[in-house]
2 protein chains.
Amino acid sequence: MRMGQGVEWALHCCLNLAWTGTPVPASRLAALYDLPPAYLNKQLQALVRAGLCESVPGPRGGFRLARPPGEVSLLDVVVALEGPEDAFRCTSILAAGPGGDPGADYPDTCAISLSMRRAELAWRRELAARSLADVSDDVLRHTPGAADRVRDALTA
Amino acid sequence: MRMGQGVEWALHCCLNLAWTGTPVPASRLAALYDLPPAYLNKQLQALVRAGLCESVPGPRGGFRLARPPGEVSLLDVVVALEGPEDAFRCTSILAAGPGGDPGADYPDTCAISLSMRRAELAWRRELAARSLADVSDDVLRHTPGAADRVRDALTA
DNA sequence: GATTTGATACTCGGATAGGACTTGTCCGAGTTGGTGAGG
DNA sequence: CCTCACCAACTCGGACAAGTCCTATCCGAGTATCAAATC
C-alpha cells in the first residue's frame with residue numbers, strides 16, 4: 001500500500017502556489033526541489049483536471065490555484081492524484097463461498113469490507129478537515145519567513 | 001494508492017481459521033472462494049512470518065491461528081502483508097528548497113508530513129481497535145450459521 | 001511617436017519508453033499417516 | 001495380536017515468469033511578448 005510520489009510534490013507545490021498567487025510554470029516549481037520538470041508537469045495536469053488548479057499557457061504562464069487555499073483540502077489533492085477508489089477493494093469473494101449469494105451486495109454488507117471502509121473513512125475525514133490554509137498557518141507559525149522566501153524564489 | 005488483493009483473502013481466511021481452530025491447508029481455503037491456491041499459500045506464509053499464524057507440514061497439516069481471535073487485530077493482518085511503512089512517504093524535498101536544512105528531520109517537522117501522518121494514525125487506530133473476534137461477532141449476529149457452514153466446508 | 005505585423009520564445013498537453021512492484025505459477029524439502037511384514 | 005520399518009501421499013516453502021501500474025522523458029499545439037517596420 002504505497003502512495004504515489006507525486007502526492008508529496010503536489011502538496012508542496014499547492015502550498016507554494018497559495019503563497020505566490022500568480023501563475024508559476026512547472027519548470028520553476030521543479031527547480032525549487034530538484035524534481036523532474038516534465039513529470040511534475042504531469043502531476044499538475046491532474047490537479048487541473050480535478051479543478052484544483054488552472055493552467056495558463058504561453059510566456060508569463062504556468063499554474064495557479066483555482067480556489068482560495070481555505071477551500072482546498074488535503075483530501076482533494078490526494079484524490080486528484082490517486083483516484084477516488086478505496087485502497088481496500090472488496091471483490092465479493094464471499095459470493096463463491098458456502099452460503100454465498102451471487103446477487104448480494106457484499107461491498108456494503110460484508111463485515112470485513114465495512115470494517116475496512118470505516119477505517120478509510122476516518123482517514124478521509126482527517127484529510128478533508130485540513131485545508132491548505134490550515135497547513136500554511138502551521139508552517140508560518142513555526143517559520144514565519146517561509147512564504148516570503150518561496151515567493152521570492154518563484155517570482156524572481 | 002491501492003492495497004494488495006491478498007489482504008482481502010487473508011482477512012477472510014483468518015476469520016475462517018478462527019472458526020475452525022484446527023489446521024487447514026491453503027488448497028482447501030482457496031477452494032472455498034475459487035482463489036489461486038499457490039498464491040494464497042504465499043500470502044499465508046507472510047502471516048506466519050509475522051507471527052499471526054502457525055504452519056503445520058505434512059498430511060493433516062495446514063495453517064492455524066497462532067493467537068486467540070481476540071488478540072489479532074485487522075491492523076496486524078494488513079501490516080503483515082503490506083509492510084509497516086506509511087503510505088505517504090516524506091522524502092524531505094524541503095531540504096533542497098530555499099531555506100532548506102539538509103540535517104533537519106523533515107519527516108517529523110514538515111507540516112505536510114505531519115498532517116498526512118496524523119490521518120494515517122487515525123486509520124491505523126480504527127484497524128487496531130477491531131479484532132477478528134469483533135468481526136466474527138458482527139458476522140454471527142447477522143448470519144448465525146456462517147461459522148458452522150465454513151467449519152463443515154473446511155473440515156469435510 | 002503610435003500602430004501594425006511578424007517572428008520568437010515560452011508554456012502546457014498528451015503520446016511514448018523504462019523500471020518496480022504486484023500477481024501468478026512451478027517444483028523441491030520435510031513430515032505425517034498408513035501399510036505390510038515380522039515377531 | 002503387537003511392534004517395527006518402509007513407503008507413499010500430502011503439506012509448506014522458496015525460487016521462477018507474466019502483467020500492471022508508477023516513473024520518467026520527449027516532442028508538438030497554442031499563446032503572449034517583444035522587436036522591427038510602417039504610417
Side-chain angles (χ1 to χ4, degrees), chain A residues 1-10 13 17 20 22-31 33-66 78 80-83 85 87-89 91 93 154-156, chain B residues 1-10 13 17 20 22-31 33-50 52-66 78 80-83 85 87-89 91 93 154-155:
Chain A
M1 201 197 33
R2 214 186 49 173
M3 188 172 292
Q5 193 67 55
V7 174
E8 183 189 13
W9 304 351
C13 286
L17 291 179
T20 59
T22 65
V24 179
S27 58
R28 196 164 301 224
L29 284 167
Y33 305 120
D34 284 330
L35 304 178
Y39 190 33
L40 178 62
N41 190 13
K42 197 178 183 58
Q43 314 289 350
L44 295 175
Q45 284 178 31
L47 297 181
V48 172
R49 277 192 294 271
L52 300 181
C53 288
E54 289 174 351
S55 64
V56 179
R60 312 294 256 185
F63 295 91
R64 64 163 171 253
L65 283 184
V78 171
L81 269 66
E82 296 289 319
E85 311 86 26
F88 178 84
R89 295 167 291 164
T91 57
I93 65 176
L154 289 179
T155 60
Chain B
M1 203 196 35
R2 213 186 49 173
M3 187 172 294
Q5 192 68 54
V7 174
E8 183 189 12
W9 304 352
C13 285
L17 291 178
T20 60
T22 65
V24 179
S27 58
R28 198 165 300 227
L29 284 167
Y33 305 120
D34 284 331
L35 304 178
Y39 190 33
L40 178 63
N41 190 13
K42 196 178 185 59
Q43 316 288 351
L44 295 175
Q45 285 179 30
L47 296 181
V48 172
R49 276 192 295 271
L52 299 181
C53 288
E54 288 174 352
S55 64
V56 180
R60 310 295 251 186
F63 294 92
R64 66 162 170 254
L65 283 184
V78 171
L81 270 65
E82 297 289 319
E85 312 86 25
F88 178 83
R89 295 167 290 165
T91 58
I93 65 175
L154 289 178
T155 60

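Letters A, B, ... are given to chains in the order of the sequence lines, protein chains preceding strands, and every chain is numbered from 1.
When rounded to the nearest whole Å, the span between OH of B:Tyr39 and C1' of D:dG13 equals 16 Å. Here the C1' atom of nucleotide C:dC12 and the CG atom of A:Leu29 are 13 Å apart, to the nearest Å. Nucleotide C:dT22 holds its P atom 10 Å from the CD atom of B:Gln43, rounded to whole Å. Summarising the geometry, the separation between CD on A:Glu54 and C1' on C:dT11 is reported as 16 Å, rounded to the nearest angstrom. Atom CD of B:Gln5 and atom P of D:dA18 are 22 Å apart (whole Å). Atom C1' of nucleotide D:dT25 and atom CG of A:Leu35 are separated by 15 Å, given to the nearest angstrom. With rounding to whole Å, B:Glu82 atom CD is found 13 Å from C:dC21 atom P. The CD atom of A:Glu8 sits 11 Å away from the P atom of D:dT23 (whole-angstrom rounding).
When distances are taken from the side chain of B:Ser27 to each of D:dT11, C:dT23, D:dA24, the shortest belongs to D:dT11.
Among the protein residues, A:Arg64 comes within range of no part of the nucleic acid, since none of its heavy atoms lies under 4.0 Å from any strand.
The line from CD of B:Glu85 to CE of A:Met1 is 9.0 Å long, rounded to the nearest 0.5 Å. In this structure, CG on A:Leu65 lies 7.5 Å from OG1 on A:Thr20, to the nearest 0.5 angstrom. Here the CZ atom belonging to B:Arg2 is positioned 13.5 Å from the CZ atom belonging to A:Phe88, to the nearest 0.5 angstrom.
Put simply, the side chain of A:Thr155 does not reach to within 4.5 Å of the side chain of A:Val24, judged on heavy atoms. A:Thr22 is not listed as a side-chain neighbour of A:Leu154, based on a closest heavy-atom distance of 4.5 Å or more. Annotation: side chain of B:Arg89 is not in contact with side chain of A:Glu8 (no heavy-atom distance under 4.5 Å). Residues A:Leu44 and A:Leu40 form a side-chain contact, since some pair of their non-hydrogen atoms from C-beta on lies under 4.5 Å apart.
Closest-nucleotide positions on DNA chain C for B:Gly4 and B:Val56 were compared, and the one nearer the 5' end corresponds to B:Gly4.
The closest donor-acceptor contact from the side chain of B:Gln43 to the backbone of B:Trp9 lies at 3.5 Å or more, if one exists at all.
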All N/O contacts under 3.5 Å from nucleotides 5-10 of chain C to the protein, with atom names and distances to one decimal?
none

Produce a footprint string for nucleotides 13-20 of chain C: one letter per nucleotide, 5' end first; B if the base is under 4.0 Å from any protein heavy atom, S if only the sugar-phosphate is, - if neither. BBB-----

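When all heavy atoms of B:Ala26 and B:Pro37 are compared, the pair lying nearest together is CB-O, 4.5 Å.
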